[in-house]
2 protein chains.
Amino acid sequence: MTSRARIEHMDDHTGYLIIKVAGMAVPAFERALVPLGLNTRQVRVLGFLHGESLSQAELCARTGLDRTTMVAVLDELEQLGHATRERSKSDRRKHVVRITRNGKAAYAKATKKLLRAQEELLQPLAPAERAQLHTLLSRLFDASQACAPEPAAEAVS
Amino acid sequence: MTSRARIEHMDDHTGYLIIKVAGMAVPAFERALVPLGLNTRQVRVLGFLHGESLSQAELCARTGLDRTTMVAVLDELEQLGHATRERSKSDRRKHVVRITRNGKAAYAKATKKLLRAQEELLQPLAPAERAQLHTLLSRLFDASQACAPEPAAEAVS
DNA sequence: TATTGTTATACTCTATAACTATA
DNA sequence: TATAGTTATAGAGTATAACAATA
């Protein structure tokens, strides 16, 4: 070869491809929630409240959000009428965070919107390929989680 | 089942999985470059300068970076001795940005570090699966690019 | 002394607009 | 008038530390 090998842009690497596709997914999801007046972070938190009432610290542990950020998110959700805070009777330092009926309805709508956005994002792939992609990404994510086990968080009353 | 359908966390959706895996990849790549005193943005810009000299505006078009951000990145690269700026003779408004010998060496090292980081990230997957993942992600990305065609940028002197 | 939630602060990123010099 | 590069500035987002209440 007359020198100058084909230029290898880091943009072509699989790792960077992941980042670029995520860069498409993030705004797509945020856009999908705009009509509901919600953002993905709020919806994520609602998702963890769907089955059980948790303290703010426990919500932080599950979502990976900072506790100062969690204060802001819950302020927003409370103002929207999607969640409530009340002091725990067993440990008065803690707040029991509950999702409201409104919050559950909003979460259901949000899930539909997000699934539609995902549908659009994954449209170039056939169903079997989407399943493949899901499996491959799950394996990558699970492998990383195996290293850093999270301490089990219990529900509060 | 006694009501209460299985809770469907948005964290389990493929779209969100992409975001989470990207959330692992970004810091992994940044960490890989720390020993070289570089970040991914700088390396990306270097990658586009590898074959040809470009104006800042053309670099912006290719990388998608804002022109004010590009100023900062090139300030950094210039200070590191990895790139140079000089006024174009054909159009004195433009700067011809060139990668230096040092810059090429740094880019080569950075590429190795990034490939190793990617290797680690993709380790849970067999080679054939990595190729699959690459193909699937490429299809998603290419499909999105097909909508917004970029105007061809020419090299400068 | 440690933990829960809160507030205040600082720091980074990004986006916008305004300015200059050239065309 | 429009473009290339630069600078200044404001906003959002994030991270840190300090604080009050409770354990």
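None of these values were measured; they are calculated from a predicted model. Chain letters run A, B, ... following the sequence lines, proteins first and then strands; every chain starts at 1.
Between B:His9 and A:Phe48, the angle of the ring planes goes over 60°, which puts this pair in the perpendicular group of the 30/60° scheme.
At whole-Å resolution of the value, CG in B:Leu65 and P in C:dT14 are 9 Å apart. One can place NE2 of A:His95 at 13 Å from P of D:dA21, the figure rounded to the nearest angstrom. As a whole-Å value, the separation of B:Leu59 CG from D:dT6 P is 12 Å. A:Asp91 has its CG atom 12 Å from the P atom of C:dT3, to the nearest Å. Atom P of nucleotide C:dG5 and atom CG of A:Leu54 are separated by 11 Å, given to the nearest angstrom. The distance between atom CG of A:Asn39 and atom C1' of D:dT14, rounded to the nearest whole Å, is 15 Å. For the pair B:Met70 CE and D:dT6 P, the computed distance is 11 Å after rounding to whole Å.
Contact annotation: A:Arg67 side-chain N/O to D:dT14 OP1/OP2 distance is not under 4.0 Å. The side chain of B:Gln56 contributes an N or O atom lying less than 4.0 Å from OP1 or OP2 of D:dT6.
Listed by chain and number, the residues in a side-chain hydrogen bond (donor to acceptor under 3.5 Å, both in side chains) with A:Thr111 amount to none (sequence neighbours excluded).
Screening A:Arg67, A:Arg85, A:Lys94 for a side-chain hydrogen bond (donor to acceptor under 3.5 Å, both in side chains) with A:Gln56, the sole residue that qualifies is A:Arg85.
Contact annotation for A:Arg92: backbone-only contact, meaning every heavy-atom pair under 4.0 Å involves sugar-phosphate atoms and none involves a base.
DNA chain D is contacted by both A:Asp66 and A:Arg93; A:Asp66 maps to the nucleotide lying nearer its 5′ end (nearest heavy atom per residue).
B:Leu140 and A:Leu114 are members of different hydrophobic clusters when ILVMFWY side chains are connected at heavy-atom separations under 4.5 Å.
Between A:Glu52 and A:Arg62, at least one side-chain N (NZ, or NE/NH1/NH2) sits under 4.0 Å from a carboxylate O, which counts as a salt bridge.
Within the 4.5 Å cutoff, no side-chain heavy atoms of A:Leu77 are placed close to those of A:Val97.
Of all nucleotides listed (D:dT14, D:dG5, C:dG5), D:dT14 comes nearest to the side chain of A:Arg41. Across D:dT6, D:dT14, C:dG5, the shortest atom-to-atom separation from the side chain of A:Lys94 is found for C:dG5. Candidate nucleotides D:dA23, C:dA17, D:dA17 were compared by shortest atom distance to the side chain of A:Thr68, and D:dA17 ranks first.
Of the residues in residues 72-82 of chain B, not one places a heavy atom less than 4.0 Å from an atom of DNA chain C.
Of the possible polar contacts, none joining the B:Glu86 side chain to the B:Val96 backbone as a donor-acceptor pair under 3.5 Å is found.
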